[in-house]
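This chain uses plain numbering: 1 for the first residue, then up along the sequence.
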Amino acid sequence: MAKQFQCELVSWGEVYRLSALLVRQMKDAGYRPDVIIAIARGGYVPARLVCDFLDIYDLTSVRISHYTAGSSKEETARLSSPLCMDIKGLRVLLVDDITDTGDTIVVALQHIREFGPAEVKTAVLQHKKQSTLQPDFYAKTLLKWRWIIYPWAVVEDIGGFLRAMPVLPKSIEATNTMLQADHGITVPPRILRQVFQMIEKNRE
């Protein structure tokens with residue numbers, strides 16, 4: 001039987017709105033970083049939007065492996081792609097999409113501080129209250145836990161959910177019926193078609 005838990009689909013428009021709110025918090029606090037570091041992969045889009053809103057050119061990334069498709073995760077968060085930029089003496093903003101357990105940001109912070117920045121602050125679009133770490137900036141607090149599906153990961157996550165089902169549904173309608181029952185979401189048909197194409201391609 002597939003694992004049942006509530007999910008939430010986040011739109012591109014909502015991502016943009018949350019990013020703007022995040023930057024407004026920074027401006028109100030009088031904060032401006034010298035460089036922005038995205039936590040790959042979820043932090044790529046939010047970090048780029050923050051760069052745009054703040055007119056900051058210097059953007060780089062680190063990759064922390066923790067979650068995989070469909071909310072599955074490795075036992076511990078680990079650094080898989082280190083920082084490749086000199087940030088000594090700089091004000092650094094570390095950006096991710098969400099704090100779930102907080103483990104990903106903790107590992108990234110430990111790594112980044114080894115490079116001698118003047119300071120490191122953290123920012124996410126959405127902060128889950130259950131997280132062990134509270135970011136310096138966050139646009140929205142999620143009081144009740146649910147799995148958040150961002151638009152840049154929807155095909156990957158939904159594909160993970162479908163592969164976990166004992167029997168793959170035969171139609172778009174049947175798929176949405178099962179997703180609604182297991183996760184409380186309805187996915188646009190065009191996206192489900194992309195998911196089915198991905199699954200079929202991976203079987204080849």
Side-chain angles (χ1 to χ4, degrees), residues 10 12 14-69 71-142 145 147-153 156-157:
V10 177
W12 284 111
E14 180 67 356
V15 167
Y16 192 86
R17 186 186 74 83
L18 292 172
S19 299
L21 287 174
L22 198 59
V23 170
R24 174 50 57 193
Q25 286 184 11
M26 297 176 197
K27 289 182 176 179
D28 289 346
Y31 173 72
R32 179 181 174 83
D34 298 312
V35 60
I36 293 175
I37 300 177
I39 295 181
R41 296 175 295 162
Y44 281 143
V45 174
R48 182 60 184 89
L49 287 171
V50 170
C51 281
D52 194 38
F53 284 129
L54 291 178
D55 192 26
I56 290 175
Y57 184 79
D58 288 325
L59 170 65
T60 188
S61 67
V62 295
R63 183 173 181 182
I64 309 297
S65 299
H66 198 193
Y67 283 95
T68 55
S71 81
S72 299
K73 69 176 182 178
E74 299 177 1
E75 187 174 344
T76 57
R78 59 181 178 82
L79 177 72
S80 55
S81 294
L83 182 66
C84 297
M85 181 179 182
D86 183 8
I87 58 170
K88 187 174 182 179
L90 299 181
R91 296 185 303 274
V92 173
L93 179 66
L94 181 64
V95 179
D96 205 357
D97 49 7
I98 194 167
T99 47
D100 192 280
T101 63
D103 295 348
T104 298
I105 291 182
V106 168
V107 172
L109 283 172
Q110 291 171 346
H111 174 63
I112 289 168
R113 284 170 177 154
E114 295 175 358
F115 289 77
E119 69 172 358
V120 184
K121 290 189 178 294
T122 56
V124 298
L125 298 181
Q126 296 176 298
H127 169 57
K128 292 184 180 180
K129 188 179 179 181
Q130 298 81 7
S131 171
T132 58
L133 178 140
Q134 181 170 311
D136 296 292
F137 304 101
Y138 49 97
K140 184 177 182 179
T141 302
L142 302 178
W145 190 94
W147 181 252
I148 303 299
I149 303 175
Y150 293 102
W152 52 80
E156 180 179 288
D157 280 357

Would you name the heavy atoms of A38 and A47 that are closest together and state the gap between them? CB-CB, 3.5 Å
Is atom CZ of R63 surrounded by more than 12 heavy atoms (other residues, nucleotides or ligands) closer than 6.0 Å? no
Between A77 and I64 the two heavy atoms that sit nearest each other are CB-CG2, 4.0 Å
Go through it in stages, so that I can follow the logic: the residues are Y138 and T99, the test is side-chain contact (heavy atoms from CB on, under 4.5 Å), and I'd like the CA-CA distance, side-chain angles, deciding distance and then a yes or no. CA-CA 9 Å; Y138 49 97; T99 47; over 6 Å; no
What pair of heavy atoms forms the shortest contact from L125 to V15, and how long is it? CD1-CG1, 4.2 Å
With sequence neighbours excluded, residues passing ring-ring contact (aromatic ring centres under 6.0 Å, His included) with Y44: none
When rounded to the nearest 0.5 angstrom, what distance separates CZ in F53 from CZ in R24? 10.5 Å
Any donor-acceptor pair under 3.5 Å from R91 side chain to A118 backbone: no
Approximate separation, where rounding is to 0.5 Å, of I98 CD1 and I105 CD1: 10.0 Å
Are the side chains of Q126 and V10 in contact, using a 4.5 Å heavy-atom criterion? yes
Short question: side chain of T132, backbone of T101 - any donor-acceptor pair under 3.5 Å? yes
Which atom pairs, donor and acceptor, lie under 3.5 Å between side-chain atoms of residues 54-62 and protein residues at least two apart or in another chain?
none

Any donor-acceptor pair under 3.5 Å from H127 side chain to P135 backbone: no
Student check: side-chain heavy atoms of L83 and E114 closer than 4.5 Å: no
Given L93, which of V50, D136, D34 fulfils the side chain to side chain contact (heavy atoms under 4.5 Å, CB included) condition? V50
About how many Å separate CD1 of I39 and CG of D96, when rounded to the nearest 0.5 Å? 4.0 Å
Report the residues that fulfil side chain to side chain contact (heavy atoms under 4.5 Å, CB included) with V120, sequence neighbours left out, ordered by chain and then residue number. V92, L94, L109, I112, R113, P117
Relative to the ring of W152, is the ring of Y150 parallel (under 30°), tilted (30 to 60°) or perpendicular (over 60°)? parallel
Please name the pair of heavy atoms, one in K121 and one in F137, separated by the smallest distance, quoted to 0.1 Å. CD-CE1, 3.9 Å
